[in-house]
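Values below: every heavy atom of this structure, side chains too, minus hydrogens, waters and symmetry copies. Order of the sequence lines fixes the chain letters, A, B, ..., with proteins taken first and strands second; residue numbering starts at 1 for each chain.
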Protein chains: 2
Amino acid sequence: MSGHLAVVGLGPGDARWLTPEAGAWLAAADAIYGYGAYLDRVPVRDGQARHASDNREEGARAAAALRHAAEGAKVAIVSGGDPGVFAMAAAARAGAPLGHDFCTLSLSDNLKPWELIERRLDAAATAGFVIALYNPVSRARPWQLGTALERLRRHLPAATPVVFGRAVGRVDERVAVTTLGDADPANADMATLVIVGSRETRIVMRPGVPLVYTPRAALDAST
Amino acid sequence: MSGHLAVVGLGPGDARWLTPEAGAWLAAADAIYGYGAYLDRVPVRDGQARHASDNREEGARAAAALRHAAEGAKVAIVSGGDPGVFAMAAAARAGAPLGHDFCTLSLSDNLKPWELIERRLDAAATAGFVIALYNPVSRARPWQLGTALERLRRHLPAATPVVFGRAVGRVDERVAVTTLGDADPANADMATLVIVGSRETRIVMRPGVPLVYTPRAALDAST
C-alpha cells in the first residue's frame, strides 16, 4: 500500500471548529509535520511521529513530508486556518461584517511590492468591498498596518467600523470593535485579523463587544 | 431557563465538513427553521420540530424563529455554507486558487444596481484579485454571468483559469476547470460558485480535474 500526504487545515484554533474530515486525517496519520505553534494544537497520539519546524522553513518541511509519504507513510502537514485561504472566525465573532461583497488582502510585502498592496487597498475601498487584512503586522513589518489605515482614510469616512480579531477561538482571544478614525495599529499583532467595513457597514451597540453588520443591500451605485 | 436562537452554518453540504460546534447546536435544538433544501441536510431527530420555508420568506422565517426562542425554546436557524460568508469548498476541490489576495462578489442585482457590480468587477480584475462569483445565475437572472465574463475579458487574458464548482461535497457535485476565453455561462446554475483567476493563477494539468493554483508571490507591481 502506498503512502499519502494530506494538507490539513486546523481552523482558527478551537477544536469545536475543526471539521470531522480534518480530524480523521490527523487521526490516521503516521507522522505530522508543521510549524511548531500549529503542531501544538494537535492532540498527541502514541505511535505518531511529530516533526515541528519554524517559519521560513516551509520548503524543507514540504520536501521532508513528501519524501516521507513517498516511502509509504501516511503523512499530514498542518496549517492554521484554511490551507487555501485563512481563518475567518474573527468575522463570526464580530457579528456579520462580511454580509456582502468583500476581499481579503495580505499586508505582507515579503512576496509582493508595497505599491501593489496600496493599489489593491485603493481599488477595494473605492469599489465598496469590505476589506479583511491578513498579516497586518510582524516584528519585521512594523509600519505596514498604520500606512494601510492611513491610505484607507483617504477613501472611507472616519466612522467606518473596524474589527481587530486576535487569536479567535483560543484562550488569549481578544476582539475589539472601533472605527477607522480611531483604529490604532498598535492593537494588532501577528495573530490579529483586521476587518475594515464598507460605507454600508454599521456598528450595533450591545453590552460587551458590539456587533458589526454589513447589509446585503447596497442601493446606491455611488457607494 | 430562557430560550435561545442559534444561527447555524451547514457548510457546503458534506457532513464531514460540518463543525462539531454546528453539530452540537443542531443536536440541542428543540426546533429547527430554514429554507427547505438546507433543512433536508439535517438528520431528523425525534422530538425536534422542523419548520421549512421557501426563498423570499426570510423575514417571516426569522420572525417565527425569534418568537419561538422568546417563548423559551432552543431554536436553530440553518443556512447553507457559512451564514456570514458563503461556502468556499469549491476552492479546496480545485486546488489552491485562493492562495493570495481575493474577493467575493455576488452577481445578484436584486439588492444592488448592476452598475455597481460592474464597477466592482473592473476594480477587482484590474487590481489583481482572484474573484469568486456568488449567485452567478438564477431563473430570474439568466444574463448576469455572461455579461460579467464579457466584462472581465476586457481586463484579463483569455488564458486566465476559471473554475465552475457545482454542489461541492454533495452527491451531484461537478467541478470543471476552463479558461476565461472558453468559459460558458450555461455551465453554471444556482448551486455553482465561479472562480476567476488573476494574472498569476495557473492551471496544473493532471489526470481528472486539473488543479488551479495562485502563488503567494506577485513580484510585478503592474499585474
Q) More than 12 non-hydrogen atoms from neighbouring residues, nucleotides or ligands closer than 6.0 Å to CZ on R139(B), yes or no? A) no

Q: Would you check if the side chain of R119(B) reaches a backbone N or O of T126(A) as a donor-acceptor pair within less than 3.5 Å?
A: yes

Q. Atom CG of L116(A) and atom CG of D101(B): how far apart are they, to the nearest 0.5 Å?
A. 7.5 Å

**Q.** Interatomic distance, L98(A) atom CG to D82(B) atom CG [nearest 0.5 angstrom]
**A.** 8.0 Å

Q: Work out which heavy atom in A127(B) is nearest to a heavy atom in A123(A); give both atom names and the distance.
A: CB-CB, 3.6 Å

Q | Side chain / backbone / both / neither for L18(A) at chain B, heavy atoms under 4.5 Å | A | backbone

Q.
So for atom CH2, which belongs to W17(A), do other residues, nucleotides or ligands contribute more than 12 heavy atoms lying within a distance under 6.0 Å?
A. yes

Q | Side chain / backbone / both / neither for A24(B) at chain A, heavy atoms under 4.5 Å | A | neither

**Q.** Atom of F129(A), atom of T104(B) and distance for their closest heavy-atom approach
**A.** CE2-O, 3.9 Å

Q: Using side chain to side chain contact (heavy atoms under 4.5 Å, CB included) as the criterion, point out the one residue from E200(A), R216(A), H100(A) that pairs with K112(B).
A: H100(A)

Q. What heavy-atom pair brings R16(A) and P20(B) nearest, and what distance separates the two atoms?
A. O-CD, 3.1 Å

